[in-house]
Number of protein chains: 6
Amino acid sequence: MNYNFPFLALVGQEKMKTALILAVLNPALGGVLIRGEKGTAKSTAVRALADLLPYQTVIEGCAYGCDPAARDRWCDECRERHPEGEPPTLKRRIPLVELPIGATEDRLLGSLNLERAMIKGESVFEPGLLAAANRGLLYVDEVNLLDDFLVDVILDAAAMGRNFVEREGMSVTHPALFTLVGTMNPEEGELRPQLLDRFGLCVEVKGLADSRERMEVIGQRLSFEKDPQAFAGLWAEKEKNLGLRIEKAAGRLMEARIDEASLEKAVDICLKLGVDGHRGDLTIIKTALTLSAWEDRPVDEEMIVTAAELSLPHRMRRKPFQDVDFNVKDRIMGSAGQD
Amino acid sequence: MNYNFPFLALVGQEKMKTALILAVLNPALGGVLIRGEKGTAKSTAVRALADLLPYQTVIEGCAYGCDPAARDRWCDECRERHPEGEPPTLKRRIPLVELPIGATEDRLLGSLNLERAMIKGESVFEPGLLAAANRGLLYVDEVNLLDDFLVDVILDAAAMGRNFVEREGMSVTHPALFTLVGTMNPEEGELRPQLLDRFGLCVEVKGLADSRERMEVIGQRLSFEKDPQAFAGLWAEKEKNLGLRIEKAAGRLMEARIDEASLEKAVDICLKLGVDGHRGDLTIIKTALTLSAWEDRPVDEEMIVTAAELSLPHRMRRKPFQDVDFNVKDRIMGSAGQD
Amino acid sequence: MNYNFPFLALVGQEKMKTALILAVLNPALGGVLIRGEKGTAKSTAVRALADLLPYQTVIEGCAYGCDPAARDRWCDECRERHPEGEPPTLKRRIPLVELPIGATEDRLLGSLNLERAMIKGESVFEPGLLAAANRGLLYVDEVNLLDDFLVDVILDAAAMGRNFVEREGMSVTHPALFTLVGTMNPEEGELRPQLLDRFGLCVEVKGLADSRERMEVIGQRLSFEKDPQAFAGLWAEKEKNLGLRIEKAAGRLMEARIDEASLEKAVDICLKLGVDGHRGDLTIIKTALTLSAWEDRPVDEEMIVTAAELSLPHRMRRKPFQDVDFNVKDRIMGSAGQD
Amino acid sequence: MNYNFPFLALVGQEKMKTALILAVLNPALGGVLIRGEKGTAKSTAVRALADLLPYQTVIEGCAYGCDPAARDRWCDECRERHPEGEPPTLKRRIPLVELPIGATEDRLLGSLNLERAMIKGESVFEPGLLAAANRGLLYVDEVNLLDDFLVDVILDAAAMGRNFVEREGMSVTHPALFTLVGTMNPEEGELRPQLLDRFGLCVEVKGLADSRERMEVIGQRLSFEKDPQAFAGLWAEKEKNLGLRIEKAAGRLMEARIDEASLEKAVDICLKLGVDGHRGDLTIIKTALTLSAWEDRPVDEEMIVTAAELSLPHRMRRKPFQDVDFNVKDRIMGSAGQD
Amino acid sequence: MNYNFPFLALVGQEKMKTALILAVLNPALGGVLIRGEKGTAKSTAVRALADLLPYQTVIEGCAYGCDPAARDRWCDECRERHPEGEPPTLKRRIPLVELPIGATEDRLLGSLNLERAMIKGESVFEPGLLAAANRGLLYVDEVNLLDDFLVDVILDAAAMGRNFVEREGMSVTHPALFTLVGTMNPEEGELRPQLLDRFGLCVEVKGLADSRERMEVIGQRLSFEKDPQAFAGLWAEKEKNLGLRIEKAAGRLMEARIDEASLEKAVDICLKLGVDGHRGDLTIIKTALTLSAWEDRPVDEEMIVTAAELSLPHRMRRKPFQDVDFNVKDRIMGSAGQD
Amino acid sequence: MNYNFPFLALVGQEKMKTALILAVLNPALGGVLIRGEKGTAKSTAVRALADLLPYQTVIEGCAYGCDPAARDRWCDECRERHPEGEPPTLKRRIPLVELPIGATEDRLLGSLNLERAMIKGESVFEPGLLAAANRGLLYVDEVNLLDDFLVDVILDAAAMGRNFVEREGMSVTHPALFTLVGTMNPEEGELRPQLLDRFGLCVEVKGLADSRERMEVIGQRLSFEKDPQAFAGLWAEKEKNLGLRIEKAAGRLMEARIDEASLEKAVDICLKLGVDGHRGDLTIIKTALTLSAWEDRPVDEEMIVTAAELSLPHRMRRKPFQDVDFNVKDRIMGSAGQD
């Protein structure tokens, strides 16, 4: 059995952790892009978060893990197999799909099942990684080194919640609603603006500057490597609570409301910063609403600022960010730790 | 069931909406190229428009959706299968074909049906996306990032209303009369002049600068995302009326007339602006005639100017556009909203 | 049924029309290269001309459309199938083969018939577009964007009147005598000198500068688009006469003679302009002889000048053309219109 | 039978030898990158070290050489075949896999067994070089000339101790815990920073400057080439003892402890040198712990400095290394020789 | 039946004609490279020369056209089939193989006969164009545009008189003794020096500057195009005599002798001009010997100069050629015409 | 029957001839790289040398030509087929494998025997050119134009005396002990330093500057070309003696000894010239020992200098070579000629 490093045992990097929780809580935000130095626990954080999320119910035998309760989003196969609407179900972990380096378009999008094609002469669709990521997370490490074309495909699927495949004479569509998490080191090349713009949130990370914290990082890591199971045990309770808190907050999401003043604040920030198009302000608002659900209190100006800090860094044309008063109080994880 | 954001609920972007309606009304205009920033509702507008168009009658079992009433444009299969001229018919939505990123030439043009080729040794044509777009819309997002070759193929088909396939020993032709809609962000690379010239109309879009309008955009969008069905319901009546108005205008298209003075005005504008070749003035005239059908009144100078504004931006050699008095009064959508 | 815009209804562009008629009349001239802006009716002119040419007699069942009367040019199959020399015949239109964008070498040259190769184990040649163009026209739009290699293949076939295929273990040759028409927009890249030199004639076209003429262009075009059949009817008689005139002129071609003075004039022009090699003067002479057949009168100095104007523009090393007194009196089409 | 040059007979290059021993002792360090001139016995050292390591026990018939004693790391096949947990075992040499120049991704990662796929229609995984390297060494010569993509794959597998294959419709994972040794000549191109950072240790080597030592090198080499077996015999005892010492040290690894002061020293060095992320200090600590096990005494400051010298050279942004007091006393090999 | 333009009817270009005759007469010279403008009758000359050469005797059924009289050069098949040494024979034209543009390596070198490989499971060699050229001419138009690799292959075969094929698991060798003729327009790119050096002779051609001669060129060409058969008839006798003269000269080749003074002259020219290596002087001598056979008189200084003029232009490092007294008196063709 | 030009008939180029003899005598030297102008008899020399070497004894039916007397180097097949150790034997010429231009990796390394794979479903290794070169010479003309990857493969095999193949699911190794001879013209591009360093010896050649010698070259060549057999006969005795002398010297190789002073001299030269790594001095020593065996007298300082002259030119970083007193007295060939 594999043990992952616990999410809450990660030292510092609060903004990244906040962004990840919000993105998981509300897939409609459009995922997170994490930019920064190597060796800053990005991968660890993503795997850790996936680990603590509550189990989900899926329809048995469905390649996409359709939700038995959301019949209007069922895949074609589920609709066909269960016309009565009462399919057998299973519990499973929230899937975390890591795009392996060099994964091909075939494997990502799905492809013709060659075996059956050759043996039985049927053209059957073999679901790919986008299918596997449905209702879970898709993690793309070093997304800036990926072929533009594949990034585009992933962002399209993420935006529409569906995967459209038009290849080899096949024309298939299936649900692909996932939280996209990408990481990149900007020293090694940028994404083009169009692609940046389509990530919902963005955070910059760097190594800790504080000597105490660094030692804490090392201490945690060594303890974990020595005995992963024992280390995980120390954090199990807190992790479970965080998972439940996320689940509860997701339930509150539909009820979150925003007032006129906050809307105006969001629009003002975007106009002031000269953000292109309307995705910037829309994301600020949606992020603020998600924060409101997460913190279980109404949207306020502070939330708008936090949301802007997470929504805009990748949408500004190299303008410095300093002229607006932004600062995140790390309150999210602080309170999560104490939950 | 999927609900699209309603066309009339789109805030601002009147020129784009006008261009789309005219292009749909009269496929002979040669489609629209929408240039501008990301996040300006281009895709939303196209899908929304396709949604409100009235159903069309097609011949049952025809891969190209041939019109039972236009026998002289039937595909070869329809001619062969229905020599008596009275085929069974179906109603269907106007097709909106979105070119998926990375779609191959095969899938676009159609290809040999390999399954039948291998099993039965017959070489049968498998119609592609150009076939599917016949009598509908073909939407190409980020057309400037597409391989020049594929853009050329699409523009050729759009110009001729037919698709000619000469590959793998096949020589096939079929109807492919569609309204082409392309979008591009010029920051990410231009189309070459030859290709630009072959788009009928062209509009530039950018994000709204008005704070009120931006808030309206957000409000509409959030309402829609919360409950697409309810939101669509609010606009259903107006959308239906717009669809009927387009249908009626299309019926008037053959009757539209233009006087000598308007012709001269169009030619003058082109000569003044130094537009290459004759596609510029021809498109102005055809656009003016389409406007005339849409507004149900004779072509006047204002229509010529509006038409020029939509027909020339991509046909001038980087000359500024300001020296001619152009302005669109957004009258089209304004009145459409009140219809 | 498809109606093409009538050749004689084209407004202006006399030089292009002259060049096309001469090239069709005498395939030994080596075709025409039309250089110029987009939107100047180049494609229209080619299709229109092909349309009005008289029918030709071919051997039934021959993939190359061999002429029953020219036994010494028959393809190998015709020789074999009709040893007695009296094959069944058919009438057909003069073929106009348009090279589809992205046509592969296979499709152009011909290829192994895979179906028969796989099923029967025979290696049978599947004739390509060069075969289809035999005794007709091959139209290559945007020839400068074509792969150099394919241009070379086409020019070789055009020069030799035969297609030689050495591929996939096949060694096939068949007649491929056609009039090559290429178009290009020099703004988008030049052909290399070697290739330019191998086109017989060359004309530059641009949009009309005269406001009246432009309006006439629009008028004709709109009339045609409204009712192609009726419009074609208006021109049918004149078009038929032009076709017959071309046929008659072709019959006179073998009798055309040239005197010493004209020969000297042609050589002088080439020496003066520093034209490389001998293709320049040879083409002038052959063009003058073709003009003589077309106008049914002896070669005179004016014809030499006209011929030089059509034969040299692409053969000079960027030297200006002005220092020689060139001007075409458009007499060809003028008289054709009155025929 | 092939004889390798003995590890202890290598003259000089103490730092390289230390790094290799530590990396082999503790695969969790992340391998070694050896940078330097050609002709400095890099390959010889790696092969020599592999040669003297004690035999390991593996499960019979397992393609990955699973350790019978570490049931929680067994491959899927071993788990399935030996549910009772008492598999037959074999002794084997520690595998040394040298990545052949031009090895393909297929061969590295493993691939579909085509033979069985074609004959029996089964899709069976054919393990590759990463599988063969499990529990041993993977040696990549001129790693900087390797395709970035393959380096990435290797580093990923090295980091996770597992190989994940997502290709050709296969989704396979298997243990791939190995010590990675890469060599490169920086004159011929660098690795990108991300990749450098993922190698655990790094040493720079160059040819000896001392004339006596050089003569010793030649002498040893000539003796070896003349009679490899006799030469090997001279060193056999010492080599065997080194092997046993490594084995014993590996057994002490889990018991190694570090005090607060040493931790702080490591963090200080990294902050002072401005090393990105946290991989630098973590590697120093882990290397110091490995040194402690190797020397069988507690971690002290000197060990931290030695560890830093091995852990940081490739993690600093071209900053000179001199401002920290580093020097390795070559004590490791000195004592090894006397063991 | 196809008629070629007669060799002797070519106006001017004496140096090219001399070089071609010498190259054909003595394949050991290493062929000719003709450099110069397009449209200077290069192809015509090569085809014309091939046409007038006497028939050769070949072994019936031999793919390489082995000479029944030269048993020590027979291909392996001939040796095997005719152990008794008395094979059935045929007369055939001297083959002229024109390398078609885009000919593949397969077709050039020969390849596995796929048909037989698939049907009978035998791997049989399918001879290529080098095989077809054996004992004849290989004509490569625009050799500078050919892939370096193919040029190398051709030059290797030309140098060794054999073709060595090591591909697809085949290891085949067969005779490939031919006269190589390449043409190129240096404006379109050079050959690299190594390749230039391996052509035996080299001539530069340009269009005629004399007005009379140009008119003669046109006159001949027009006469030929009007009635190829009649035109060929006019020259038939002279052509036949030239062919016989070449045949007779070839017979004298083995007897040609050179004196010390001439040898010295050749070496002096090369040393003076700084020609690399020894191929320059060797070629001068061999060319002079061939001239001697052709003119049926001993080598004299004038022949050395003529030979140098043909052997060195492509072997000097851009040094001007003027400082040596070179001039060819065109005596060869002059006398040939009078033969 | 093919006759090669005799080795001893080559005029001048003593250093090249010495290097070739030493490399053949002692394959452990690592081959020779011959740099210089084209047309300097490089290929001729290699073929000539291979020709005069004594026959070798091989195991009958072995694809690698295993030496019956060196059982510890037998290939796997020989070990398996002849467990008793007394295989049937054959005499054969020392193989000279010339790498054909464009030889593929498959053909070089060996590959899967497709025929047997397809027909019998077995995956059998088809030995390639490295196998054929075992115990002989591998000649690579224009090695600098070869793909780096293939050069690497060849150098690896040359260094290890074995070929390791890891492709298409095969994992094969076989003996590949050969003398590598490469040639290159540095004007056409260099080898990268890593590759240069791995050639044992290196000589620079150029055309002879002496007029007498050049005439001698021509004379020999013409005599040879006129009657290869007769010419070869003139040199047969001397060639045979040279072959025997090489064979005898090879037998003395194991006994060659070197004293301290000579060792020191070699190391001094390398330190003085700043040669990277240890391959330089090692090669000097091994070359001196080979010279000692060849000349049958002890190593002296002069031999060290000669050896350095052959071992270092390609190992210095563009430093001039003049500051060391180097000169070869051509004594090797001189005495060989008198043998």
Side-chain angles (χ1 to χ4, degrees), chain D residues 1-2 11-12 36-44 97-104 106-108 110-116 118-120 126-129 132 141-142 145 184-185 187-189 205-222 225-229, chain F residues 28 72-73 105 109 112 117-118 121-123 147-153 155-156 159-171 173 192-198 253-254 256-258 260 263-264 266-268 270-271 274-286 289 315 317:
Chain D
M1 164 111 196
N2 261 354
V11 180
E37 299 169 3
K38 256 280 151 176
T40 39
K42 296 184 295 268
S43 308
T44 308
V97 174
E98 304 194 24
L99 194 73
I101 302 155
T104 54
D106 262 44
R107 190 66 197 122
L108 180 65
S111 60
L112 196 68
N113 182 321
L114 274 182
E115 208 173 324
R116 284 174 66 178
M118 291 197 304
I119 294 167
K120 309 199 184 169
E126 178 80 31
L129 295 173
D141 197 17
E142 309 207 40
L145 300 183
M184 59 178 283
N185 181 344
E187 287 178 80
E188 304 209 336
V205 295
K206 44 183 140 178
L208 303 170
D210 181 70
S211 165
R212 276 299 102 189
E213 282 187 331
R214 285 182 91 117
M215 283 173 67
E216 201 186 334
V217 168
I218 296 171
Q220 304 278 43
R221 196 76 216 175
L222 290 179
E225 289 190 9
K226 190 145 283 176
D227 189 344
Q229 187 170 4
Chain F
D72 58 338
R73 288 201 199 139
E105 190 191 347
L109 288 172
L112 196 69
M118 290 197 305
E122 301 170 322
S123 71
D147 185 17
D148 261 24
F149 162 62
L150 292 179
V151 180
D152 233 343
V153 165
L155 286 164
D156 263 15
M160 296 189 286
R162 296 194 75 76
N163 178 25
F164 294 88
V165 187
E166 296 278 358
R167 307 174 74 231
E168 304 166 18
M170 288 181 305
S171 184
T173 174
R192 50 191 186 85
Q194 300 282 95
L195 298 180
L196 277 178
D197 183 44
R198 289 167 69 188
L253 204 56
M254 287 300 284
R257 292 289 174 275
I258 193 165
E260 195 81 348
L263 264 184
E264 218 170 318
V267 167
D268 278 0
C270 289
L271 284 173
V275 176
D276 270 359
H278 300 289
R279 244 187 225 120
D281 28 27
L282 208 54
T283 308
I284 295 176
I285 303 302
K286 284 155 78 173
L289 287 166
R315 292 196 166 96
R317 314 196 183 187

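Reminder, nothing fancy here: chain letters follow the sequence lines and each chain counts from 1.
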Exercise. Provide the closest heavy-atom pair for F/L271 versus D/A209 in the form atom of the first, atom of the second, distance.
Key: CD2-O, 3.8 Å
Exercise. Calculate, to the nearest 0.5 Å, the distance between atoms NE2 and NZ belonging to F/H278 and D/K206 respectively.
Key: 12.0 Å
Exercise. Tell me, for D/L145 versus chain F, whether the close heavy atoms (under 4.5 Å) come from the side chain, the backbone, both or neither.
Key: side chain
Quiz prompt | Residues which pass salt bridge (charged side-chain N to carboxylate O under 4.0 Å, His left out) with F/K286, listed by chain and number, not counting sequence neighbours | solution = D/E225
Quiz prompt | Between F/I285, F/D281, F/D268, the one whose heavy-atom pairs under 4.5 Å with chain D are most numerous | solution = F/D281
Exercise. Only counting residues at least two apart or in another chain, list the ones meeting side-chain contact (heavy atoms from CB on, under 4.5 Å) with D/S43.
Key: D/R47, D/Y139, D/D141
Quiz item: Where does F/A256 contact chain D at under 4.5 Å (heavy atoms): side chain, backbone, both or neither?
Solution: backbone
Exercise. Identify the heavy atoms of D/R214 and F/V275 that sit nearest to each other, and give their distance.
Key: NH2-O, 3.9 Å
Exercise. Mind checking the NZ-CG spacing from D/K226 to F/L253? Nearest 0.5 Å is all I need.
Key: 8.0 Å
